[in-house]
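The structure appears right after this line, and notes come after that.
This structure is a prediction, so every number in the text was calculated from the model and none was measured.
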Amino acid sequence: MISEMTRRQFSKTGTLATMGVMVGCSIKNQFDIIIKNGTILDGTGSGAIKKDIGIKGANISAIDDLSNATADLIINAEGLIVSPGFIDIHTHTDTELLINPNAESKIHQGVTTEVSGNCGYSPFPLTDKDAAEFDKNLFEKYEVHASWKNITGFLDTLEKKKIAINYATFTGHGNLRAYVVGRNDVTPTPEQMEKMKKVLAQSMENGSFGLSTGLEYAPGSYASTKELIELNKVVAQHNGVYATHTRNEDDTVEEAVAEAIRICKQANVSTQISHLKACNQSNWYKTDRLLEMIQNAAGAGLPVTADRYPYIAYSTGLTVFLPLWSRQGETEEILARLKDRNLLPKIKKYADSRGRRIGGWERVVIASCFSEKNKVWEGKSIKQAAEATGKSPFEFIRTILLEERNRVDIVGFAMDEGNLKKVLSCPLVMIGSDGSAVAPYGKLGKGKPHPRYYGTFPRVLGKYCREEKIFDLATAIKKMTSMPAQKLNLKNRGIIQKGYFADITIFNPETVIDKATLIDPHQYPTGIEFVLVNGKVTVKKGEHANEQAGQVLRCG
């Protein structure tokens with residue numbers, strides 16, 4: 001707070017410099033906020049300009065020399081880059097914002113907009129039974145209730161909570177299929193297909209930005225290409241996006257990307273290939289071909305793009321090491337198969353083969369468990385945990401999945417650094433964290449989540465732009481701002497332009513870098529100095545200002 005004496009002392013000059021911030025005392029100021037002396041990279045990929053930015057309300061109202069203008073707040077951005085706020089096009093943030101609306105791990109990265117509902121999962125639509133189980137699990141873990149079943153109820157809940165970042169979501173195909181067809185490996189009837197299309201259309205009319213698939217996960221994995229084409233025709237009619245975690249990301253990754261391109265073409269739908277990669281060393285050589293396929297498709301006029309996080313490790317659920325047939329149905333059915341001695345040899349054979357394919361169980365690390373009992377394994381590899389318990393790797397996996405009722409997250413080191421640089425530098429690839437908004441304190445501070453939750457965007461700016469020089473700063477920022485905004489048709493966001501929303505990130509290009517590690521992931525990055533969301537200073541000199549000025553964004 002500024003003392004009354006200090007206010008009187010500076011009443012003649014009208015401004016006060018405090019840690020790079022100047023507070024104006026004029027009664028009739030032209031602007032609410034002026035950002036002065038910064039170097040602007042506007043998000044389009046154009047070169048830097050030296051101008052000031054004037055903000056009134058939630059919007060940018062001037063980009064000019066504002067040295068003679070007045071404002072309630074003046075931010076001195078000397079030596080800093082002023083860019084649009086980063087848009088994280090691939091996240092898994094949803095109920096986390098009900099637990100902690102400050103979105104700490106994202107806003108400290110400079111992220112002002114989250115795009116969730118990815119990989120076939122969204123917290124809607126829910127059957128009565130699924131809603132009850134969802135509410136039960138959420139309350140057991142976070143003491144928060146879920147009172148919705150559809151997208152309208154969920155987005156309304158977020159709006160009432162008030163959140164620090166803007167929020168957009170896809171409709172998860174896995175949830176849509178479970179809602180209409182169930183969780184088993186069956187083909188939908190014509191009536192069920194029509195119902196899925198109707199529910200999807202209603203979801204988009206009420207704010208969803210499109211359909212996401214997680215084709216490596218049940219029940220989405222049971223969908224045929226034909227089913228996905230038909231659903232995406234609905235998405236295309238509503239000018240939405242098809243975001244796909246493809247059917248495979250290792251041995252048949254080329255076929256999986258080809259399927260995504262086929263859906264894009266036949267449904268005429270804007271398509272986003274999620275976290276593009278080729279996993280396991282035997283498949284690393286396929287990366288060049290994947291990039292060629294996407295570039296050829298785009299060159300032929302197909303609206304296909306991709307995203308990627310700047311790490312060589314993925315993160316998912318431990319159940320991914322079980323065969324697909326064993327993952328169908330309700331939780332109790334999956335657990336029953338893990339208890340069935342007649343089925344265990346087949347399940348073990350598959351799991352062991354997956355362990356060999358990734359290069360050994362030392363490359364798979366437990367990230368989080370649901371119960372306190374098994375949190376001792378967080379941060380340890382499957383190999384370490386198996387040795388400590390005297391079990392085989394498969395028996396440890398089986399035991400912990402039974403004890404945790406499948407609620408175990410892992411990190412797997414399966415990618416190549418050289419390929420990562422190729423993917424990140426591709427002109428069609430944006431930056432997406434594939435992480436959630438968590439915090440280093442409270443209920444979201446538990447476990448050892450993938451470092452991407454805290455470090456994705458500063459890591460791109462610091463390691464891959466400044467240090468590795470795989471692209472220049474203007475290109476890096478474009479991948480984080482105007483590209484995802486254009487993909488999603490976000491109105492008046494993603495560019496620093498007069499009339500656009502004042503979602504702005506101000507960072508030090510010489511010091512910005514991630515600090516989160518696998519062992520100690522709950523660490524904010526450095527170099528992100530100020531973050532504005534809809535014209536409100538939400539991060540000031542690296543500290544959260546406890547503003548909740550985020551908006552729930554709806555398609556159309």
Closest contact, heavy atoms only, I294 versus V304: O-CG1, 3.9 Å
Taking the side chain from S212 and the backbone from G117, do they hold a donor-acceptor pair closer than 3.5 Å? yes
Q109 side chain vs F457 backbone, donor-acceptor pair below 3.5 Å: yes
Check whether the side chains of S270 and K487 place a donor and an acceptor atom closer than 3.5 Å, and report yes or no. yes
Using a distance-only test with no angle check, is there a side-chain donor-acceptor pair under 3.5 angstrom linking Y142 and E96? no
Donor-acceptor contact below 3.5 Å, side chain K469 vs main chain R466: yes
Within the distance-only criterion (no hydrogens, no angle test), does the side chain of R308 pair as donor or acceptor with the backbone N or O of K277 below 3.5 angstrom? no
So, taking the atom named OG in S122 and the one named CG in N175, what distance separates them when rounded to the nearest 0.5 Å? 4.5 Å
Using the ring pair (Phe, Tyr, Trp, His ring centres under 6.0 Å) rule, pick out the option among Y524, F507, F86 that qualifies with H108. Y524
V241 vs F209 side-chain heavy atoms within contact, under 4.5 Å: no
Quick check: closest heavy atoms across N492 and Y500, and the distance to 0.1 Å? C-CD2, 3.1 Å
Answer whether the closest heavy-atom distance between the side chains of M430 and T305 falls below 4.5 Å. yes
Does the side-chain contact (heavy atoms from CB on, under 4.5 Å) test come out yes or no for L532 and I75, once each step is laid out? CA-CA 11 Å; L532 283 71; I75 298 174; 4.2 Å; yes
Checking D409 side chain against A367 main chain: does a donor-acceptor pair fall under 3.5 Å? no
Check this for me, if you would: do R289 and E292 make a salt bridge, where the nitrogen-to-carboxylate-oxygen distance has to be below 4.0 angstrom? yes
Count the heavy atoms belonging to other residues, nucleotides or ligands that lie under 6.0 Å from NZ of K421, then report whether that count exceeds 12. yes
By the definition side-chain hydrogen bond (donor to acceptor under 3.5 Å, both in side chains), identify the one residue from E114, K106, H450, R452 that meets it with S433. K106
Spacing of CG belonging to L473 relative to SG belonging to C465, to within rounding of 0.5 Å: 4.5 Å
Beyond-backbone contact of S436 with T93, side-chain heavy atoms, under 4.5 angstrom: yes
What heavy-atom pair brings P427 and Q295 nearest, and what distance separates the two atoms? CD-NE2, 4.0 Å
For the residue pair N150 / N206, report whether a side-chain donor-acceptor contact shorter than 3.5 Å exists. no
What is the minimum heavy-atom distance between G85 and T481, and which atoms define it? O-CG2, 3.6 Å
Roughly how far, to the nearest 0.5 Å, is CG of D52 from CG of N37? 6.0 Å
Other residues, nucleotides, ligands: >12 heavy atoms within 6.0 Å of Q486 CD: no
Would you compute the distance between atom CD of E249 and atom OG1 of T316 and round it to the nearest 0.5 angstrom? 9.0 Å
How about S315 and Y453: does a side-chain donor come under 3.5 Å of a side-chain acceptor? no
Between K479 and V429, what is the shortest heavy-atom contact and its length? NZ-O, 2.7 Å
So Q30 and S61, side-chain contact (heavy atoms from CB on, under 4.5 Å) or not? Walk me through it. CA-CA 10 Å; Q30 293 167 263; S61 58; over 6 Å; no
Quick one: closest heavy-atom pair of K448 and G379, and the distance? CD-CA, 3.6 Å
Trace of the side-chain contact (heavy atoms from CB on, under 4.5 Å) decision for L138 with H145: CA-CA 6 Å; L138 192 63; H145 279 295; over 6 Å; no
Is any side-chain heavy atom of I165 closer than 4.5 Å to one of T538? no
Taking atom types as modelled, is there a side-chain donor on D307 or Q272 under 3.5 Å from an acceptor on the other? yes
Note, V539 side chain near F530 side chain (heavy atom, < 4.5 Å): no
Any sub-3.5 Å donor-acceptor pair from T271's side-chain atoms to V269's backbone N or O? yes
Would you indicate whether K265, at its atom NZ, is surrounded by more than 12 heavy atoms from other residues, nucleotides or ligands within a distance under 6.0 Å? no
Would you indicate whether the side-chain heavy atoms of N166 and R493 approach each other to under 4.5 Å? yes
Using 0.5 Å steps for rounding, measure from the CD1 atom of I55 to the CD1 atom of I63. 9.5 Å
Go through it in stages, so that I can follow the logic: the residues are R554 and D156, the test is salt bridge (charged side-chain N to carboxylate O under 4.0 Å, His left out), and I'd like the CA-CA distance, side-chain angles, deciding distance and then a yes or no. CA-CA 11 Å; R554 290 175 169 86; D156 286 351; 3.3 Å; yes
Do any N or O atoms from the side chain of N29 and from the backbone of F31 form a donor-acceptor pair under 3.5 angstrom? no
Within a strict 4.5 Å, meaning less than it, do heavy atoms of the P303 and C264 side chains meet? yes
Taking it one step at a time, do L73 and D32 satisfy side-chain contact (heavy atoms from CB on, under 4.5 Å)? CA-CA 6 Å; L73 176 70; D32 297 324; over 6 Å; no
Would you confirm whether N102, through its side chain, and E104, through its main-chain N or O, come within 3.5 Å as a donor-acceptor pair? no
Over 12 non-hydrogen atoms of neighbours within 6.0 angstrom of NZ in K160: no
Quick check on K463: does its NZ atom have over 12 non-hydrogen neighbours (other residues, nucleotides or ligands) under 6.0 Å away? yes
When rounded to the nearest 0.5 angstrom, what distance separates OG1 in T246 from CG in L276? 8.0 Å
Distance under 6.0 Å and angle within 45° of ring axis: R363 vs F413: no
Can you tell me if CG on D416 sees more than 12 non-hydrogen neighbours from other groups inside 6.0 Å? yes
Can you check whether I504 reaches I60 side chain to side chain, under 4.5 Å on heavy atoms? yes
With sequence neighbours left out, write down each residue that passes ring pair (Phe, Tyr, Trp, His ring centres under 6.0 Å) with H522, or none if nothing qualifies. Y454
Answer yes or no: is there a donor N or O on one side and an acceptor on the other, between the side chain of T505 and the main chain of G110, under 3.5 Å? yes
Residues K536, D72: salt bridge by 4.0 Å N-O rule: no
With a 3.5 Å distance limit and no angle check, can you tell me whether D514 reaches the backbone of G455 through a side-chain donor-acceptor pair? no
Yes or no on side-chain hydrogen bond (donor to acceptor under 3.5 Å, both in side chains) for Y242 and T213, after CA distance, side-chain angles and deciding distance? CA-CA 8 Å; Y242 172 49; T213 53; 3.0 Å; yes
H92 and D434: side chain donor to acceptor below 3.5 Å: yes
